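All values reported here derive from a predicted model rather than from experimental measurement.
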Amino acid sequence: MGDAITVKKKHLQKPIFRLRCLVKQLEKGDINVSDLKNNIEYAASVLEAVYIDETRKLLDTEDELSDIHTDAVPMEVRDWLASTFTRKMGMRRRRPEEKPKFRSIVHAVQAGIFVERMYRRSSNMAGLTYPSAVISCLKEVDQWSFNVFSLNEASGEHALKFMVYELFTRYDLINRFKHWLTELEILAMILAAAIHDYEHTGTTNNFHIQTRSDAAILYNDRSVLENHHVSAAYRVMQEDDMNILVNLSKDDWRDLRTLVIEMVLSTDMSGHFQQIKTMRNTLQQPEGIDKSKAMSLILHAADISHPAKVWDMHQRWTDLLMEEFFRQGDKEVELGLPFSPLCDRKSTLVAQSQIGFIDFIVEPTFTLLTDSTEKIVMPLIEEATKSDHSVYDKSSLNNSDMQRKPSVRTPQPDGSPTMDYSLANVDLQHFKKNLVEVIQQNKERWKELAVQERNSKSINNNEESEREL
């Protein structure tokens, strides 16, 4: 270790010396542009090499669940956390991060064009007509605990179609975030969110690996489902009438695809701890947050966000997810395979699993997310506050838990007034406080249910023992 540090210091001495010489020459006014350019490029190349080396070391560290003790968490829950949120099958190396260069894609992100093209085949409409029930549901879309189940029922199980279309037509996403995100990045985030579970099989990556499925063979056991989601979605977009990216240049198409792939692959739960560790590291960097990593964290957090929603919605999501696990367990029985963690519908401790999920996965993720958001948004808020005619003063995306003192603006087509949700009015502390409270309330409900769950299991076990006697 000591020798490595010595080598690294020697490696950095030369560019540091050159930069200091440049500073002195600049002070004297005695330097030409060519020398300045060459020396800066050299220093940048050395620093980049050091950055890549440090990034690799960070990514090569082992995932761990060091805070989970067997006496605090049931073994089944511990096994599930370890098998789901760590990479027991081996660490997948990632290529060193490259900061993409972005270009304008105004024509590709106008008035929800890409969603319109996505659904043109099925709807045969020039635009998307909203049923009255859908319009009613979408009135609550600004709420943090917006009921997507109600939207799904009102839309005939097409919630995704209407939700994504709404993101482009109702909210001024581009103008709100254009000082930190480019148009291409905004498009990538929404596209990645829309396709991140496309053609999901209702089974885990490990199930595909254990059963040697075609997908597992194709993707060499690495992020099997996540690779399939991206690949299948892009195959659809290969068709002319489904090519929603038709207006992108070749470079923009490639940059968008790179971002979408990175974000969707980040939803592979086995990379959770490494992703959290990497993001924490970027928060400490003086140059600021790496945007692609922040975007990936946002999508990953959204993917596991149901414990941060009101109880009724959280419980409904949990029931659906557990039924998916149990159906996988049923398949494992048929195939003669051992149960995967939480997949045995007769013995699984649902309440305990959710407590472990919240304690070790959800709470740390959302703490990191809110810390990152503060670092990103606070400078934007300060900038918006300075201007009387802020570019953010538009009817735009913002949930009601993050607002204060909204002002009424121009009425919407249905007669209801739109609200002025400028960034200057955002209250991040209130939002963070509300988020923490909701998660804690849900955890307390699960603790109550865990007691009932243990008592019920104990009674069932005693009855089975008596029958055997």
Colleague: Output, in order, the C-alpha distance, side-chain angles, deciding distance and verdict of side chain to side chain contact (heavy atoms under 4.5 Å, CB included) for E199 and H228.
Modeller: CA-CA 8 Å; E199 290 190 351; H228 176 75; 2.8 Å; yes
Colleague: If you define the side chain from C-beta out and look only at heavy atoms, does anything of R445 sit under 4.5 Å from H314?
Modeller: no
Colleague: What pairs meet the salt bridge (charged side-chain N to carboxylate O under 4.0 Å, His left out) rule with one or both residues in residues 360-374, with sequence neighbours excluded?
Modeller: E363-K443, D371-K432
Colleague: Between I276 and P364, is there a side-chain heavy-atom distance shorter than 4.5 Å?
Modeller: no
Colleague: Nearest heavy-atom pair of N281 and Q285: which atoms, and what distance?
Modeller: O-NE2, 3.2 Å
Colleague: Please answer whether the main-chain N or O of H200 pairs with a side-chain N or O of D197 as donor and acceptor at a distance below 3.5 Å.
Modeller: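 No.
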Colleague: Tell me which pairs pass salt bridge (charged side-chain N to carboxylate O under 4.0 Å, His left out) where either residue lies in residues 295-320, with sequence neighbours left out.
Modeller: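 Passing the test, one end in residues 295-320: E153-R316.
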Colleague: Check N152 against H158 and note the closest heavy-atom contact, atom names and distance.
Modeller: OD1-N, 3.6 Å
Colleague: Which atom pair, heavy atoms only, marks the closest approach of W144 to L435?
Modeller: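 Scanning both residues, the minimum pair turns out to be CZ2-CD1, 3.5 Å.
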Colleague: Taking the side chain as every heavy atom from C-beta outward, state whether H300 and H272 have any atom pair closer than 4.5 Å.
Modeller: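 Sidechains of H272 and H300: in contact.
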Colleague: Cut-off 3.5 Å, side chains only: do S249 and D251 have a donor facing an acceptor?
Modeller: no
Colleague: Could you check if a side-chain atom of I244 sits within less than 4.5 angstrom of a side-chain atom of L191, using non-hydrogen atoms only?
Modeller: yes
Colleague: Just to verify, which of T365, L297, L369 counts as forming a side-chain contact (heavy atoms from CB on, under 4.5 Å) with M279?
Modeller: L297
Colleague: Any donor-acceptor pair under 3.5 Å linking the side chain of S223 with the backbone of N227?
Modeller: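 Checked: no pair found.
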Colleague: Considering all heavy atoms of both residues, which atom of V438 and which atom of A308 are nearest to each other, and what is their separation?
Modeller: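 Answer, listing the atom of V438 first, then A308: CG1-O, 3.3 Å.
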Colleague: Looking only at side chains, do T258 and R254 share a donor and an acceptor under 3.5 Å apart?
Modeller: no
Colleague: If you apply the rule side chain to side chain contact (heavy atoms under 4.5 Å, CB included), what do you find for L265 with E226, and how did you get there?
Modeller: CA-CA 5 Å; L265 292 186; E226 292 74 26; 3.7 Å; yes
Colleague: State the CE-CD1 distance between M263 and I195, to the nearest 0.5 angstrom.
Modeller: 9.0 Å
Colleague: Measure the spacing between CG of L245 and CH2 of W253 and express it to the nearest 0.5 Å.
Modeller: 8.0 Å
Colleague: Could you check if a side-chain atom of F273 sits within less than 4.5 angstrom of a side-chain atom of I361, using non-hydrogen atoms only?
Modeller: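 Yes, at least one pair of side-chain atoms sits under 4.5 Å.
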Colleague: Is there a donor-acceptor pair closer than 3.5 Å between any side-chain N or O of Q274 and the backbone N or O of G271?
Modeller: no
Colleague: Side-chain contact test, heavy atoms from C-beta onward, threshold under 4.5 Å: evaluate it for M313 versus F149 and give yes or no.
Modeller: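 Result yes, sub-4.5 Å side-chain heavy-atom pair found.
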Colleague: Name the orientation class of the two ring planes belonging to F162 and Y130 (parallel below 30°, tilted from 30 to 60°, perpendicular beyond 60°).
Modeller: perpendicular
Colleague: Take M322 and F325 through the test side chain to side chain contact (heavy atoms under 4.5 Å, CB included) and record every step on the way to the result.
Modeller: CA-CA 5 Å; M322 294 311 302; F325 284 174; 4.0 Å; yes
Colleague: So does E157 have more than 12 non-hydrogen atoms from other groups sitting under 6.0 Å from CD?
Modeller: no
Colleague: Test T267 against L225 for side chain to side chain contact (heavy atoms under 4.5 Å, CB included), laying out the working first.
Modeller: CA-CA 10 Å; T267 63; L225 286 167; over 6 Å; no
Colleague: Within the side chain of N220, is there an N or O that forms a donor-acceptor pair under 3.5 Å with the backbone of R222?
Modeller: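 Such a contact is absent between N220 side chain and R222 backbone.
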Colleague: Measure across S266 and Q275 and return the closest heavy-atom pair with its distance rounded to 0.1 Å.
Modeller: O-OE1, 3.4 Å
Colleague: Return the minimal non-hydrogen interatomic distance between F357 and P307, and the atom names on each side.
Modeller: CE2-CG, 3.6 Å
Colleague: If you measure from CD1 on I355 to CG on N442, what distance do you get to the nearest 0.5 Å?
Modeller: 11.5 Å
Colleague: Could you pull out all residues at least two apart from K375 that satisfy salt bridge (Lys or Arg N to Asp or Glu O under 4.0 Å)?
Modeller: none
Colleague: So, taking the atom named CD1 in I376 and the one named CD1 in I289, what distance separates them when rounded to the nearest 0.5 Å?
Modeller: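 With rounding to 0.5 Å, CD1 (I376) is 4.0 Å from CD1 (I289).
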Colleague: Counting distance only, does the side-chain N/O of S305 pair as donor-acceptor with the main-chain N or O of A302 below 3.5 Å?
Modeller: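 Yes: the side chain of S305 pairs with the backbone of A302.
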Colleague: Can you tell me how far apart CD (Q315) and CG (L320) are? Round to the nearest 0.5 Å.
Modeller: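 Separation between the atoms: 11.0 Å.
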Colleague: For the residue pair W317 and H306, does the interplanar ring angle fall in the parallel (under 30°), tilted (30 to 60°) or perpendicular (over 60°) class?
Modeller: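 Tilted, since the angle between the ring planes falls between 30° and 60°.
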Colleague: Is there a side-chain contact between Y234 and Y198, using heavy atoms and a 4.5 Å cut-off?
Modeller: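 A side-chain contact is absent here, since even the closest heavy-atom pair is not under 4.5 Å.
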Colleague: Atom CG in N247, atom CG in D252: separation rounded to 0.5 Å?
Modeller: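 With rounding to 0.5 Å, CG (N247) is 11.0 Å from CG (D252).
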Colleague: A side-chain contact here means heavy atoms from C-beta on lying under 4.5 Å apart; do N205 and M269 qualify?
Modeller: no
